[in-house]
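The structure appears right after this line, and notes come after that.
Proteins get letters first, then strands, A, B, ... in listed order; numbering begins at 1 in each.
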2 protein chains.
Amino acid sequence: MVTPTQPAPTDGAEHLLTPGEVASLFRVDPKTVTRWASAGRIGSIRTPGGHRRFRESEVRNMLASLTSEALPQTTR
Amino acid sequence: MVTPTQPAPTDGAEHLLTPGEVASLFRVDPKTVTRWASAGRIGSIRTPGGHRRFRESEVRNMLASLTSEALPQTTR
DNA sequence: GAAAAATTGGGTAATTAGGGTT
DNA sequence: CGTGTCCTAATTACCCAATTTT
């Protein structure tokens with residue numbers, strides 16, 4: 001299955017998360033999430049007021065891709 | 001009342017969104033959208049009863065322009 | 001005509017942004 | 001270099017009752 005160039009299928013109402021929610025998921029300070037956004041490490045959407053929102057799907061994928069499982073242990 | 005959810009769009013008519021719908025798109029409180037309108041940050045149309053409606057195209061454009069993609073991952 | 005859901009308004013907490021520092 | 005904390009200003013969220021929309 002190939003993922004062709006994805007133009008902008010975008011909003012069909014993508015669920016968005018607040019900085020605080022993302023921070024809770026990663027167990028970091030909200031400020032850190034802000035830094036990730038500033039550094040372009042994570043996509044973000046700004047409200048007209050300047051606050052950031054994050055795509056839940058992107059955050060979930062990030063969590064998954066950064067997760068490592070322990071290898072199964074052999075019972076002896 | 002026989003009018004379905006959506007009246008037939010006539011020419012020139014633009015699809016309008018309610019404060020609640022716009023709020024969902026930005027993951028914000030409906031009242032916040034109202035403030036944007038009062039502050040002139042977003043165009044609005046008033047119903048005879050005083051409720052606000054927003055142009056979908058304007059909202060979509062706003063969303064797009066305020067969106068930042070994550071930079072390509074530097075796989076290390 | 002009646003009822004449920006949404007929006008309006010105002011007022012007060014809670015988050016967030018941004019810079020500078022550790 | 002990345003993260004956590006302190007600070008101030010700004011933005012946003014939740015409370016209420018009254019009105020409008022469906």
Toward the 5' end of DNA chain D, by each residue's nearest nucleotide, P48(A) or H51(B)
P48(A)
Is any N or O donor-acceptor pair between the side chain of K31(A) and the base of dG19(C) shorter than 3.5 Å?
yes
In whole angstrom, what separates R46(B)'s CZ from dG9(C)'s C1'?
10 Å
Are the side chain of E58(A) and the backbone of R55(A) linked by a donor-acceptor contact shorter than 3.5 Å?
no
Heavy atoms from C-beta onward define the side chain here; which of dT16(C), dT21(D), dT8(C) lies closest to that of R53(B)?
dT21(D)
Here the distance between atom P of dA13(C) and atom CG of D29(B), to the nearest Å, is 17 Å
Less than 4.0 angstrom between a side-chain N/O of W36(A) and OP1 or OP2 of dG2(D), yes or no?
no
Return no unless some side-chain N or O of T18(A) is found under 4.0 Å from OP1 or OP2 of dT16(C).
yes
Hey, what bend do you get for the helix from dA3(C)-dT22(D) to dG19(C)-dC6(D) if you fit axes on five pairs at each end, rounded to 10°?
60°
Between G50(A) and T34(B), the residue closer to the 5' end of DNA chain C by nearest nucleotide is T34(B)
Are T32(A) and dG2(D) close enough that a side-chain N or O sits under 4.0 Å from OP1 or OP2?
no
How many Å lie between CD1 on I45(B) and P on dT8(C), as a whole number?
13 Å
Output yes when at least one side-chain N/O atom of R41(B) is less than 4.0 Å from OP1 or OP2 of dT11(D), else no.
yes
Under 4.5 Å between side-chain heavy atoms, counting indirect links through other Ile/Leu/Val/Met/Phe/Trp/Tyr residues: same cluster for V59(A) and L16(A) or not?
no
Just how far, in rounded Å, is C1' of dT16(C) from CD of E21(A)?
13 Å
For R46(B), is the CZ atom crowded, meaning more than 12 foreign heavy atoms sit under 6.0 Å from it?
yes
Measure the distance from CZ on F54(A) to P on dA17(C) and round it to the nearest whole Å.
7 Å
Within the pair T47(A) and dT12(D), is there a side-chain N or O less than 4.0 Å away from OP1 or OP2?
yes
Distance-only donor-acceptor test (3.5 Å): side chain R35(B), base dA13(D):
yes
Figure out the CZ/C1' separation between R27(B) and dT16(C), and round it to whole Å.
14 Å
If you define the side chain from C-beta out and look only at heavy atoms, does anything of M62(B) sit under 4.5 Å from I42(B)?
yes
From the options E21(A), E56(A), H51(A), select the one residue that forms a side-chain contact (heavy atoms from CB on, under 4.5 Å) with R27(B).
E21(A)
Between E14(A) and R53(A), is the closest basic N to carboxylate O distance under 4.0 Å?
no
Where do F54(A) and V33(A) land on the side-chain contact (heavy atoms from CB on, under 4.5 Å) test, with the steps shown first?
CA-CA 10 Å; F54(A) 305 90; V33(A) 179; 3.6 Å; yes
Whole Å only: how far is the CG atom of L16(B) from the P atom of dA6(C)?
18 Å
Using 0.5 Å steps for rounding, measure from the OG atom of S57(A) to the NE2 atom of H15(A).
11.0 Å
Kindly say if R52(B) contacts the phosphate of dG9(C), meaning a side-chain N or O under 4.0 Å from OP1 or OP2.
yes
